[in-house]
2 protein chains.
Amino acid sequence: MRTSSVDQIILEVLAQEHAHLTSLQIFEVIRERLPAVNQSTVYRALERMAKRGQVSVSDMGTGSAVYELVADGRHHHLVCQVCGCILTIDHEEVGRFFTEIEAQNQFKIATNHLILFGVCGECGKNGG
Amino acid sequence: MRTSSVDQIILEVLAQEHAHLTSLQIFEVIRERLPAVNQSTVYRALERMAKRGQVSVSDMGTGSAVYELVADGRHHHLVCQVCGCILTIDHEEVGRFFTEIEAQNQFKIATNHLILFGVCGECGKNGG
DNA sequence: AATTATAATGCATTTGTTTGCAACTGCAAT
DNA sequence: ATTGCAGTTGCAAACAAATGCATTATAATT
Ligand SMILES: [Zn+2]
Ligand SMILES: [Zn+2]
Ligand SMILES: [Zn+2]
Ligand SMILES: [Zn+2]
């Protein structure tokens, strides 16, 4: 497999930042090392890496997709549509559900960073 | 609550077509009855209706979001990233998982049309 | 080393979606 | 009827993301 310098830098950035980063945020960091790099190159690199399962791509309701390294440990999130807070749930219970669905449908799930929207406990108390 | 003519037509269209429709497809149908309607009006109407829980909005990997009436019965999908086929799973088993997650996290899930990506049985056999 | 094949990139363009703002509409209180 | 208010709309512009095409870089083959 051919190694792209952009891919390599993205992996380093994501490994270092350890957060949900937008394509633009990643682009800005890469530019420091490769000033001539184009934004669509970053989009395409991220797309490649998502297809390989190296990074997750998710819409967390912020207007632009966020990317995160998968290697560190599979996890998922609950996003409150009222206050925007983000709860993290580990893969264990989700994995049981996925396995059940996979068995019942002869289907191998690739989704590696599930986002469920709703209302958190705090907001549920206040807003009814 | 104030009634918008566009909202009403969208409900009728979705109830009749009974499918995953893009904003553009909905727009084209509405134009037959309201020729001067603007596309952003349709986007805003769909956004309103999604917030009310009347319709679901989902990225099914086709390049544009698809909308569907929720009223008819809550369901979810598995989308094959190889052949594009769509399996439907009813809410029962998903609901059990949601309830578990809700209890463990004091969180009320609003997601009403879950999309899980992966590889279907047929493609799994062929492509390894 | 030279050749070929394949994958990655830059640039410009296009597509899909959201937003700011001013104008308009429907409803309720006066 | 008049006024006031909140929700809705059109329009243009901003924004996020994807794509077509020509060029360049890399790896494999000769
Ligand atoms: Zn995460
Ligand atoms: Zn909240
Ligand atoms: Zn559906
Ligand atoms: Zn398939």
Side-chain angles (χ1 to χ4, degrees), chain A residues 1-14 19-68 79 81 84 113 115 117, chain B residues 1-14 19-68 79 81 84 113 115 117:
Chain A
M1 177 180 299
R2 174 150 163 210
T3 49
S4 149
S5 52
V6 173
D7 289 31
Q8 191 51 45
I9 297 179
I10 290 177
L11 281 179
E12 290 173 29
V13 171
L14 289 178
H20 301 126
L21 297 182
T22 66
S23 164
L24 184 61
Q25 290 172 318
I26 294 169
F27 172 64
E28 314 249 83
V29 178
I30 291 182
R31 254 214 299 214
E32 295 167 12
R33 290 167 61 176
L34 295 175
V37 81
N38 193 277
Q39 205 165 347
S40 68
T41 300
V42 175
Y43 275 113
R44 285 192 271 226
L46 287 167
E47 188 187 7
R48 269 198 304 272
M49 296 164 73
K51 194 151 57 183
R52 288 183 209 137
Q54 296 179 287
V55 307
S56 63
V57 197
S58 314
D59 168 15
M60 296 186 71
T62 53
S64 36
V66 293
Y67 300 83
E68 191 176 26
V79 177
Q81 288 169 320
H113 192 247
I115 308 296
F117 295 96
Chain B
M1 179 178 301
R2 175 151 162 210
T3 49
S4 148
S5 51
V6 173
D7 290 30
Q8 192 51 46
I9 299 179
I10 290 178
L11 282 180
E12 290 173 28
V13 171
L14 289 178
H20 301 126
L21 297 182
T22 66
S23 165
L24 183 60
Q25 290 173 316
I26 295 169
F27 173 63
E28 313 250 80
V29 178
I30 291 182
R31 255 216 296 216
E32 293 167 13
R33 290 167 62 176
L34 295 176
V37 82
N38 192 279
Q39 205 167 346
S40 68
T41 299
V42 175
Y43 275 113
R44 284 194 270 227
L46 287 167
E47 187 186 7
R48 272 199 301 273
M49 297 164 74
K51 194 151 58 183
R52 289 182 207 137
Q54 296 178 288
V55 307
S56 63
V57 198
S58 314
D59 167 15
M60 295 185 73
T62 53
S64 37
V66 292
Y67 300 83
E68 190 175 30
V79 177
Q81 288 170 319
H113 191 247
I115 307 297
F117 294 96

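Below, read A as the first sequence line, B as the second, and so on, with proteins coming before strands; counting in each chain starts at 1.
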So [Y] and [X], do their side chains get closer than 4.5 Å, heavy atoms only?
X: A:L14; Y: A:I26; value: yes
X: B:R44; Y: B:V6; value: no
X: B:S5; Y: B:L34; value: yes

(request) List the steps and the verdict of salt bridge (charged side-chain N to carboxylate O under 4.0 Å, His left out) for A:E28 and A:R31. (result) CA-CA 5 Å; A:E28 314 249 83; A:R31 254 214 299 214; 3.3 Å; yes
(request) Let me know, please, whether B:G63 or B:S40 comes out on the 5' side of the other along DNA chain C by nearest nucleotide. (result)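 Residue closer to the 5' terminus by nearest nucleotide: B:G63.
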(request) Under 4.0 Å between any heavy atoms, over every strand shown, what does A:T22 touch: base, sugar-phosphate, or nothing? Just pick one. (result)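 No contact.
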Rounded distance (Å) that lies between atom [atom2] of [N] and atom [atom1] of [X]:
X: B:R48; N: D:dT8; atom1: CZ; atom2: C1'; result: 6 Å
X: A:F27; N: D:dA18; atom1: CZ; atom2: C1'; result: 16 Å
X: B:E28; N: C:dG16; atom1: CD; atom2: P; result: 11 Å
X: B:D7; N: C:dG26; atom1: CG; atom2: C1'; result: 14 Å
X: B:Q39; N: D:dC11; atom1: CD; atom2: P; result: 13 Å
X: B:L21; N: C:dG16; atom1: CG; atom2: C1'; result: 16 Å
X: A:M49; N: C:dT9; atom1: CE; atom2: P; result: 11 Å
X: A:L34; N: C:dG10; atom1: CG; atom2: C1'; result: 13 Å

(message) Go nucleotide by nucleotide along DNA chain D from the 5' end; which of A:L24 and A:E47 gets its closest nucleotide reached first?
(response)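 Residue closer to the 5' terminus by nearest nucleotide: A:L24.
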(request) Using heavy atoms to find the nearest nucleotide of DNA chain D for A:S23 and B:V37 separately, return the residue whose nucleotide is more 5′. (result)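 It is B:V37, whose closest nucleotide lies nearer the 5' terminus.
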By nearest atom, which of the nucleotides [options] is closest to the [X] side chain?
X: B:N38; options: C:dG10, D:dG10, C:dT9; value: D:dG10
X: B:T41; options: C:dT17, D:dT9, C:dT9; value: D:dT9
X: B:S5; options: D:dG10, D:dT9, C:dT17; value: D:dT9
X: A:R52; options: D:dT9, C:dA8, D:dA17; value: C:dA8
X: B:A65; options: C:dA8, C:dT17, D:dC11; value: C:dT17

(message) Determine whether a donor-acceptor pair (one donor, one acceptor, N or O, separation below 3.5 Å) exists between the side chain of B:R44 and the base of D:dG7.
(response)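 No, no donor-acceptor pair under 3.5 Å.
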(message) Among B:V66, B:V57, B:I10, B:V42, exactly one meets side chain to side chain contact (heavy atoms under 4.5 Å, CB included) together with B:S23. Which residue is that?
(response)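 Filter result, single survivor: B:V42.
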(message) Check this one for me: any side-chain N or O of A:Y43 less than 4.0 Å away from OP1 or OP2 of D:dA17?
(response)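 Answer yes for this pair, as a side-chain N or O of A:Y43 is under 4.0 Å from OP1 or OP2.
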